Each structure stands twice: as structure tokens, then as C-alpha cells.
Amino acid sequence: MGAAARLSAPRALVLWAALGAAARIGPAPDPDDWWSYKDNLQGNFVPGPPFWGLVNAAWSLCAVGKRQSPVDVELKRVLYDPFLPPLRLSTGGEKLRGTLYNTGRHVSFLPAPRPVVNVSGGPLLYSHRLSELRLLFGARDGAGSEHQINHEGFSAEVQLIHFNQELYGNLSAAARGPNGVAILSLFVNVRRGRAAGWRGEGGPGARLTRGAPTQVAGSSNPFLSRLLNRDTITRISYKNDAYFLQDLSLELLFPESFGFITYQGSLSTPPCSETVTWILIDRALNITSLQMHSLRLLSQNPPSQIFQSLSGNGRPLQPLAHRALRGNRDPRHPERRCRGPNYRLHVDGAPLGR
């Protein structure tokens, strides 16, 4: 039975009526841009996640795919893989620069062509080039990440989207081919005062809280603080606003020590291509409540339209089914701290020391 047939009759009628109305109002929208995280009826119907796979034949995997993302990670299902090497980051020894952009769906950082930033190691068989840093967040604390751990979410999720530069020329081509895309996800919690200390970085799941502090107790992540300070974030208040940043140290986004969980999945936006290796970092980061508030004040619309917060910009969970979850930490000894080179980010071939 097709995806359309699985829709309830009233829901299907709403969709087809909206499609008909959209066809009668003004020029046809760009099909690659005609999707939303929430069904939008401001003049034209813009389909939300339940309809992504129905409105464009190229997006059919969004409705019928069997390896879709995001997923809920049940830690008891994670298989320990002692042969997973550490993650490696290469920046050529240069600082990162690029454009912070309000796309109307996400806060995105688009790196400049130089320096080239690559990630390798872990489950990756090839070197992958950074194409975009994407920030997803919720309207309330504890809900906003796309992925969940043991049925609990985080306030935000940072996704580093890379394409396989050894096999493909760009992200669009890589998304259509095997071993094409790698996405590193880091979870984010909101710090509630200094008393919370570093244990607030862990979030749900005991495995996410144990280990040495990754930051000064109660502090926010230094890389995210640079993106979310008042002088920067107010420059992208509305859709299509952009602001150029430079002298960024991407390695500061990562915890000093961490483990990771990996699985095979899809893009979490149309066309939902099932060509993604996901790597979920198991130590959460902190930001302040003021920084999170600033994010929620960003609009998904231009200034000429009614304000709608950018928050809630994540796809609903998808079934994990029989896919394998692998991790580089031994679940038989969850009390052990992440120590040694396997639990550090290696930058330009050397372990990160901070």
C-alpha cells in the first residue's frame, strides 16, 4: 500500500484541496523549496513532514524509506565496536570563516571555500568535507533536538554536514550516491545557573553525564558563544539575513573527551536520501538561557510578514527498525571515563590538547 493510501481520508482531502488552492494562487513555487516543518497556510499551503513524500516524486523516500532519520537511540541497543578509530578534523592549520545565515528554517553557517575543513575516522571510510553547520532548537528547554537518547530530547542539536570529497564534487551529488554524506551531531542543553555544573552537559542517559568536565563548570560552549552573542545573532533576525564571521576555531565546538554512536540513515530534510552516516557525540554542550532566548527570537519570515519563531525546526522521529547502532564506548563499563586518544578529537593529525 502506498504512502498516499495510508493517509486518513480527511487528511488526504486537506492535502489535495491545499494543492489545488496553491496551484491557483500566483506562480508555482520552486519545488526544491516547497516544504516546511509546520503546515503553513499563509496564502499558500506549504507541506509539513507528513506530506514531504507526497508532493514531489523526487522526495518519495520521505514517505516510503526504511532507513530514515532522525531516530531515538536506546542505549541498551548500542553495540560496542572496539575497532572504531577516533574522529579526525583537518583545517590546514587555519581559522574557519564563513557566513551565518537565517534560511527561514535553520540557523546555518556556510564555510568559505578556504580553508577546506575535513573530517575522517570513526566509521568513515573516506575523507568528508564540511558543507554546512546547522542549528536546530525547540520552543522550550529539553525539546528541540531531532535525535533523542532513551526517549528524551535536548534543547538543541548542532549538525555538521559533510560530503564525501573523494567520490563526489559537491553535497548535492553526494546525497544521491553511496557513502555520500556524513553528519556529526552534538546535543545542546541550556545551562540553569552556575550550580548546575558540568553534569548539566550530559542530559538524559547516565552515559552522557559521566567523565571529566569538558568545559569550566557552568560555562557555555566557546564556539557556540561566538555564534550566539548579541552582536552576531541580531544580524540574522529575519529570513535571508546573513552575517560574515571569521577567526573561528571549529575544534572548540567539540568536548575535550567524548564517545560517539553511529548508524546509517538519511537526510532529515527533503529529499530524505538514505546515504548518510550519522555520528552522534555522546557528551552534550551547554549554552546559556539568554543565548537560547536569542535563538527563539529569530523569525522564519522576512520583516514584512508576521513573526513566527524559527524554533521547532526539526523532523519527527523515524522508526529505527532493524538498523545497527554502534558505539566506541563499552556498555559493560558505563562508569569508566573517556580517557586516552580514542576519546579525543584529533586535529590536523595530532590529539587536541586544551
Side-chain angles (χ1 to χ4, degrees), residues 1-71 101-108 131-132 134 136-139 144 146-147 157 159 161 163 170-177 180-181 183 239-240 264-276 278 299-302 305-306 308-321:
M1 182 179 292
R6 291 198 297 268
L7 286 173
S8 65
R11 198 174 194 181
L13 289 174
V14 169
L15 172 62
W16 303 130
L19 291 174
R24 295 192 296 271
I25 301 177
D30 182 345
D32 291 333
D33 194 50
W34 201 47
W35 63 272
S36 173
Y37 287 110
K38 314 175 189 72
D39 296 339
N40 190 338
L41 291 170
Q42 291 190 3
N44 287 331
F45 174 81
V46 181
F51 301 120
W52 288 352
L54 306 178
V55 297
N56 187 333
W59 301 349
S60 61
L61 281 174
C62 299
V64 300
K66 303 301 183 184
R67 295 191 303 163
Q68 291 292 292
S69 298
V71 300
Y101 184 40
N102 181 340
T103 69
R105 299 189 182 101
H106 311 107
V107 174
S108 292
S131 178
E132 179 186 355
R134 184 177 293 172
L136 306 99
F137 54 95
E146 284 197 312
H147 289 84
E157 183 173 334
Q159 296 178 353
I161 303 171
F163 69 90
N170 53 53
L171 179 63
S172 179
R176 297 191 295 270
V181 180
I183 303 180
K239 181 180 180 180
N240 296 326
Q264 297 300 309
S266 74
L267 299 176
S268 58
T269 58
C272 305
S273 306
E274 295 181 335
T275 58
V276 180
W278 284 89
S299 178
Q300 62 179 286
N301 293 323
Q305 297 182 12
I306 188 172
Q308 287 185 299
S309 174
L310 207 59
S311 60
N313 53 352
R315 187 188 188 191
L317 291 172
Q318 305 298 306
L320 179 63

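If you're wondering where the values come from, they're calculated on a predicted model, not measured in any experiment.
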(message) Please find the pair of heavy atoms, one from Gly312 and one from Tyr37, that lie closest to each other, and give the distance.
(response) O-CB, 3.9 Å
(request) Rounded to the nearest 0.5 Å, what's the gap from OG1 on Thr103 to CG on Asn313? Could you check? (result) 8.0 Å
(request) Report yes or no: do Thr275 and Ser273 form a side-chain donor-acceptor pair below 3.5 Å? (result) no
(message) Looking at Ser69, is its backbone amide N or carbonyl O close enough to the side chain of Ser266 to form a donor-acceptor pair, meaning the two atoms are under 3.5 Å apart?
(response) yes
(message) Nearest 0.5 angstrom please: Leu61 CG to Leu267 CG, how far?
(response) 10.0 Å
(request) First locate atom CZ of Arg67, then atom CD of Gln318, and finally report the distance between them rounded to the nearest 0.5 Å. (result) 14.0 Å
(request) Looking only at non-hydrogen atoms, find the nearest pair between Ser36 and Pro49 and report the distance. (result) O-CD, 3.5 Å
(request) Verify the ring-centre separation between Trp52 and Trp59: is it less than 6.0 angstrom? (result) no
(request) Please round to the nearest 0.5 Å and tell me the distance separating atom OG1 of Thr269 and atom CG of Leu136. (result) 9.5 Å
(message) Show the nearest heavy-atom pair for residues Ala174 and Phe163, with the distance to one decimal.
(response) CB-CB, 3.6 Å
(request) Might you point out which heavy atoms bring Ala63 and Gly53 nearest each other, and give the distance in Å? (result) CB-CA, 3.8 Å
(message) Name the residue from Arg105, Lys38, Lys239 that meets the side chain to side chain contact (heavy atoms under 4.5 Å, CB included) definition with Gln300.
(response) Lys38
(message) Strictly distance-based, threshold 3.5 Å: is any side-chain N or O of Glu157 a donor or acceptor partner for the main-chain N or O of His147?
(response) yes
(message) Once rounded to the nearest 0.5 Å, what's the spacing between atom OG of Ser299 and atom CG of Leu310?
(response) 8.0 Å
(message) Just so I know, are the side chains of Tyr101 and Glu132 near enough to count as touching, which here means a heavy-atom distance under 4.5 Å?
(response) no
(message) Tell me if a side-chain donor or acceptor on Gln159 pairs with a main-chain N or O of Ile183 at a distance below 3.5 Å.
(response) no
(request) Work out which heavy atom in Trp34 is nearest to a heavy atom in Val55; give both atom names and the distance. (result) CZ3-CB, 3.9 Å
(request) Please determine which of Glu146, Arg315, Gln68 meets the side-chain hydrogen bond (donor to acceptor under 3.5 Å, both in side chains) test together with Ser268. (result) Glu146
